[in-house]
Amino acid sequence: MSTRLNNLVDVTEDIAREHGLTDDEYKMIVGHLGRTPNMTELGVFSVMWSEHCSYKSSRKWLKKLPTEGPQVIQGPGENAGVIDIGDGDTAIFKMESHNHPSFIEPYQGAATGVGGIMRDVFTMGARPVANLNALRFGEPSHPKTRHLVAGVVSGIGGYGNCIGVPTVGGEVNFDASYNGNILVNAMCVGTARADKIFYAAATGIGSPVVYVGAKTGRDGIHGATMASAEFDDASQEKRPTVQVGDPFTEKLLLEACQELMASDAIIGIQDMGAAGLTSSSVEMADKGGVGIFIDLDKVPCRETAMSGYEMLLSESQERMLMVLKPGREAEAEKIFHRWGLDFAVIGELTDGHRMVVHHQGEEIADMPLTHLADGAPEYDRPHVATPKRPEFDASNVTHPAIADSLKSLMGNSEIASRRWIWEQYDSMVMGDTLVGPGGDAALVRVHGTQKALAMSTDVTPRYCFADPIEGGKQAVAEAYRNISATGATPLAITNCLNFGNPERPEIMGQFVGCLDGMGQACLALDFPVVSGNVSLYNETNGTGILPTPAIGGVGVIADYNNAIGSGFTQADAHVFVIGASHGALGCSLYQRHVLQDEAIVAPPAVDLQAERAHGEFVRATIAAGAVSAAHDVSDGGLLVALSEMAMRHGIGVSSQQQGDSAYWFGEDQGRYIVQVSADQLAGFTTAAQAAGVNVNEIGKTGGDELTIDATLTISIAELTRINQDWFPDLMSGKTA
Amino acid sequence: MKATINITLKSGVLDPQGKAIENALGQLNFSGVNSVRQGKLIEIDLSETDAAKAEASLTAMCEQLLANTVIENYDIQLDKSE
Amino acid sequence: MKATINITLKSGVLDPQGKAIENALGQLNFSGVNSVRQGKLIEIDLSETDAAKAEASLTAMCEQLLANTVIENYDIQLDKSE
Amino acid sequence: MQAAVIVFPGSNCDRDVAVCLEAATGTPPLMAWHGDASLPDCDLIVLPGGFSYGDYLRCGSMAANSPIMREVVAQAHKGAAVLGICNGFQILTECGLLPGVLMQNTGLNFVCRDTRLTVSNAQNAFTHLYQQDEEIIIPVAHNEGNYFADESTLASLQEHQQIAFTYGAGDNPNGASLDIAGITDKSGKILGMMPHPERRAEAALGGEDGKRLFTGIVESLA
Ligand SMILES: Nc1ncnc2c1ncn2[C@@H]1O[C@H](COP(=O)(O)OP(=O)(O)O)[C@@H](O)[C@H]1O
Ligand SMILES: [Mg+2]
């Protein structure tokens, strides 16, 4: 293939099509250039105009998301979002997909996904302090699932563990719609001082453009275009474009960048992610309103005889582009060499808003930057709204015994403990993990302070499929709830919007609906979007995935000593449900997995006012010391949530509450279960009345069983066994 | 019948292991090391005595499990001495 | 001069990876697999053209860095064809 | 008392252990760079956890050959106390300061979780603040923690009370021989252990069982 990727080949419309450009897009490019592009220029335009880089199908809708608030220092538009967490500290975070590469080569795909998102964060001056991952796999019984789970998990661990950033949370779902199209979304959160944040914009005509990090090889050429193209069975052919990650080099790059960032030598810095050298140089120069000249002969290469096209489009990992203040090259070079990394001045900023590239003494590309960066057409793709679904029909349903339903849910793919996964992640390195995987939100202390960050990733794809608007709201609300349950204040979110083919109106309708719901929730909850990523064309042979707009929420608590956990901590405490329980079984796990009813019906509605009121109440009562454990009620409803709280520290709970299956397994939104010790009871109920919040005492902690009078008694040990065994059994081939 | 399978990275695929060994050898003052690549060696003892059948079966093993053909090549050597 | 170094676990040293491959092959219905051992393969390209000198230098590399002789054996093969 | 933490490229628990050393001694330890050929005289040298040089060949093998390790070995021979945690333990075996080798976990996966440890020898320079056979909880986080040595080495370790920590019954995370989690040299001044005491030295992080190891060695050296 490489023989064709140079300027000796004349560009034709066919070649443009092979690059994923439509005929109209190609005509626009010819128009912008005033001539036919050469092969290198075509390659550059095609990646910059790919869905992945240009957001051409999604931009119109992303613009509608709320992105502002007093806590927002940097919203979408930079490598990652930045929020104020007080005292001059900031949290910098983003989530990104690596779906297609992970399907093709799960270990390397997932590993490089983690590496890429960490670079987005440390590029901005942050030290990464936590990683999370949102994963979706096909059915557990699908022949590829085990292999993909094993590879993805060890790839995420392999990268994060080595670089020494704790992986503290995430989520996993299994569904047939992901059989041919898994989702691997990685989130990274870092911290930096507010006066030490670095941006991508490059300014200062004549300033040197510097390449640092690993050498360039032929890795992942056309990766960006591939991520924007649907899979078909022949896509196995694209395999050699897989990138291999080198976490050791990334660790060195991180430390070297931090060292240089302590000085004031850097004007702008940008990681080389999708579309490598091309997108980083285009973005830096365009944001700074300057031009850029690059001499590819200076680029450190790992392989011989690379063409200019290949160098510009290579997606070799662990590389960064910087613009330095003139005269500071030597000091920077010394740092990078000390860390054993390549350092090369490969060009300079120019006047005129163009990108000019030389290779082997010849000019091989000369393109207008505006058209490269923002010139891709913005599509308003046709979209049809997802039809409203009927309510769940409870008549004619035979409910199994509640005890049996509970056991079946606790050992279900969606609820079973994810310990098999998170024990492969170093969740404690850096010595600040207060709450790692297994709780609601993870809590990571801001090093050397009393503050802690709370982080969670959430979305319920089956809700989004049935009702994109409610599903979009619910994803944001659940992140808000998880963070609130620790006592932390939710501050802002990032997202990773995974959808099928946007050229199909019903998929575009899902996208538009989910964004509508998300936007409403962000506004109502003061929980703006500060960064994100879109992954479209998640389809195999025309079957799309469930719409999966993953939300990564971040919050802060001023004193981590006031944070609480999700498990019962004492006997004889009162257990309350906050929020009303109407028994909403539509789209519940109970409907799907216990009743085995696949009917697409309305998911639970999200009352954003109640979400906010309940979240504020939970946080206030935690801060007042009235609530000593809290857990949100989500998948599986009340009884699953109670079981989870009991299993955490092996403390049982008994209830006199009378309820049917709908009561115990309904997934009504906006609810929490909290533990209130006897001496806090009066204060708690008074606070609830004052706040006008619906609270309902349902039992007391103690013993080593889960008991509901006249309904069931199950030992916590048995629940734990059922809950713990599913994943190891799946992975060892015992089940499935 | 015994077989040895050599699994090596395809050319062009980044080999952080090999690179690291190369650097370490340099630090230990071994000069004249132009390049190092690291791969895997798998020794299998099979009941099969027919070379052609053994080879076919080993090829299937490589394709399905032993090699990651996305980034690796494999080479099968049968020890026919037995 | 090119050399290939095979690094294998000493007999008697447990090889969990080999064992895991053996089990996985069983699960994939490959029968007649008596045993599997996994080792490392290191390919080195040296400037040295004298075989004896190359071999001496490679032996030193193995002893000092490449193999852990508590648990591993190494075997050096020089590609003398060049 | 002078403590130093050796920082290899790829070390990632260097800061974590420095925090514990500072808490135990009152002063920040010296952070020594792997490429330095000299090291000021130290009473305690710590080899931290992480993935030195990427751990790409065998864990700890490249670090064991780095310039600074010649200094560490020399000072150890002169009587400095040396603590190797996780990757540091791997480096100590690779450079010959401790016997045996750490092989891949029998489960073939990286494992990060709390483990129950038994203090098998509460007499040495590091462990004297624990009770003999006390059960403590310290987390592990490694892919190669499966301690292996030949029969005679294992017998000799037992004979000379060199086994400092063992995993509690049924809680061996990696298949280590004799459930070994940590060993010392014959003098008891060189300790290598897979579990991370620095991750359990503060109530907010789940417990303080690891703290006595640091205060213990500092007391011994005072
Ligand atoms: N769904 C989204 N919501 C908000 N911002 C988004 C979304 N998707 C992308 N963005 C923003 O668009 C910018 C470009 O994103 P992306 O191309 O993923 O970054 P990168 O160049 O690092 O890969 C980023 O600032 C990102 O935060
Ligand atoms: Mg970026």
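Note on naming: letters A, B, ... go to the chains in the order of the sequence lines (proteins, then strands), and numbering restarts at 1 for each one.
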A.B. asks: Name the region of A:Leu252, side chain, backbone, both or neither, that has any atom closer than 4.5 Å to a heavy atom of chain D.
C.D. replies: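 The side chain, not the backbone.
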
A.B. asks: Taking atom CG of A:Asp426 and atom SG of D:Cys86, what is their separation to the nearest 0.5 Å?
C.D. replies: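 Between atom CG of A:Asp426 and atom SG of D:Cys86 there are 8.5 Å.
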
A.B. asks: Taking only residues two or more places apart in sequence, or in another chain, which ones meet D:Asp16 in a side chain to side chain donor-acceptor pair (under 3.5 Å)?
C.D. replies: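 Checked D:Asp16 against side chain to side chain donor-acceptor pair (under 3.5 Å); zero matches.
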
A.B. asks: Using non-hydrogen atoms and a limit below 4.5 Å, what part of residues 111-120 of chain D faces chain A?
C.D. replies: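 Within residues 111-120 of chain D, the residues that come under 4.5 Å of chain A (heavy atoms only) are D:Val111, D:Cys112, D:Arg113, D:Asp114.
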
A.B. asks: Within the 4.5 Å heavy-atom criterion, are D:His142 and A:Asn161 side-chain neighbours or not?
C.D. replies: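 A side-chain contact under 4.5 Å is absent here.
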
A.B. asks: What verdict does the side chain to side chain contact (heavy atoms under 4.5 Å, CB included) test give for A:Val429 and D:Arg199, after you've listed the backbone C-alpha separation in whole Å, the side-chain angles of each residue and the deciding distance to 0.1 Å?
C.D. replies: CA-CA 8 Å; A:Val429 62; D:Arg199 297 186 180 188; 3.4 Å; yes

A.B. asks: Once you round to the nearest 0.5 Å, how far does SG of A:Cys162 lie from CG of D:Asn87?
C.D. replies: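 Nearest 0.5 Å value for the SG-CG distance: 9.5 Å.
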
A.B. asks: Which residues in residues 200-207 of chain D have any heavy atom lying under 4.5 Å from a heavy atom of chain A?
C.D. replies: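 Near chain A, by residue number: D:Glu202, D:Ala204, D:Leu205.
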
A.B. asks: Please name the pair of heavy atoms, one in D:Asn109 and one in A:Trp420, separated by the smallest distance, quoted to 0.1 Å.
C.D. replies: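 Scanning both residues, the minimum pair turns out to be ND2-CZ2, 4.0 Å.
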
A.B. asks: Heavy atoms under 4.5 Å from chain A: which residues of residues 210-222 of chain D carry them?
C.D. replies: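 Those residues of residues 210-222 of chain D which would need a heavy atom under 4.5 Å from chain A do not exist here.
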
A.B. asks: How close do D:Phe51 and A:Phe248 get, counting heavy atoms only, and between which atoms?
C.D. replies: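 Answer, listing the atom of D:Phe51 first, then A:Phe248: O-CD1, 4.2 Å.
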
A.B. asks: Can you tell which of D:Ala141, D:Gly49, D:Pro9 has the highest number of heavy-atom pairs within less than 4.5 Å of chain A?
C.D. replies: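 Ranked by heavy-atom pairs under 4.5 Å with chain A, first place is D:Pro9.
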
A.B. asks: Heavy-atom distances under 4.5 Å only: say whether D:Tyr56 touches chain A with side chain, backbone, both or neither.
C.D. replies: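 For D:Tyr56, the side chain is the part near chain A, not the backbone.
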
A.B. asks: Locate the shortest heavy-atom distance separating D:Pro139 from A:Met428; write the atom from each residue and the value.
C.D. replies: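 In terms of heavy atoms, the two residues are closest at CB-SD, 3.4 Å.
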
A.B. asks: Just do the side chain to side chain contact (heavy atoms under 4.5 Å, CB included) check on A:Asp432 and D:Arg15 with the steps written out, would you?
C.D. replies: CA-CA 11 Å; A:Asp432 285 310; D:Arg15 186 186 78 181; 3.2 Å; yes

A.B. asks: Using a cut-off of under 4.5 Å for heavy-atom pairs, which of A:Thr249, A:Asn561, A:Asp246 has the most such pairs with chain D?
C.D. replies: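 Between A:Thr249, A:Asn561, A:Asp246, the count favours A:Asp246.
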
A.B. asks: With a 4.5 angstrom heavy-atom cut-off, could you sort out which part of A:Arg419 is near chain D: side chain, backbone, both or neither?
C.D. replies: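 Contact with chain D involves no heavy atom of A:Arg419 at all.
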
A.B. asks: Tell me, for A:Ser427 versus chain D, whether the close heavy atoms (under 4.5 Å) come from the side chain, the backbone, both or neither.
C.D. replies: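 For A:Ser427, the contact with chain D is made by backbone and side chain together.
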
A.B. asks: Can you tell me how the ring of A:Trp339 sits relative to the ring of D:Trp33, calling it parallel under 30°, perpendicular over 60° and tilted otherwise?
C.D. replies: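 Perpendicular, since the angle between the ring planes exceeds 60°.
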
A.B. asks: Measuring from D:Ser52:OG to A:Lys251:NZ, what's the distance to the nearest 0.5 Å?
C.D. replies: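 Between D:Ser52 OG and A:Lys251 NZ, I get 12.0 Å after rounding to 0.5 Å.
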
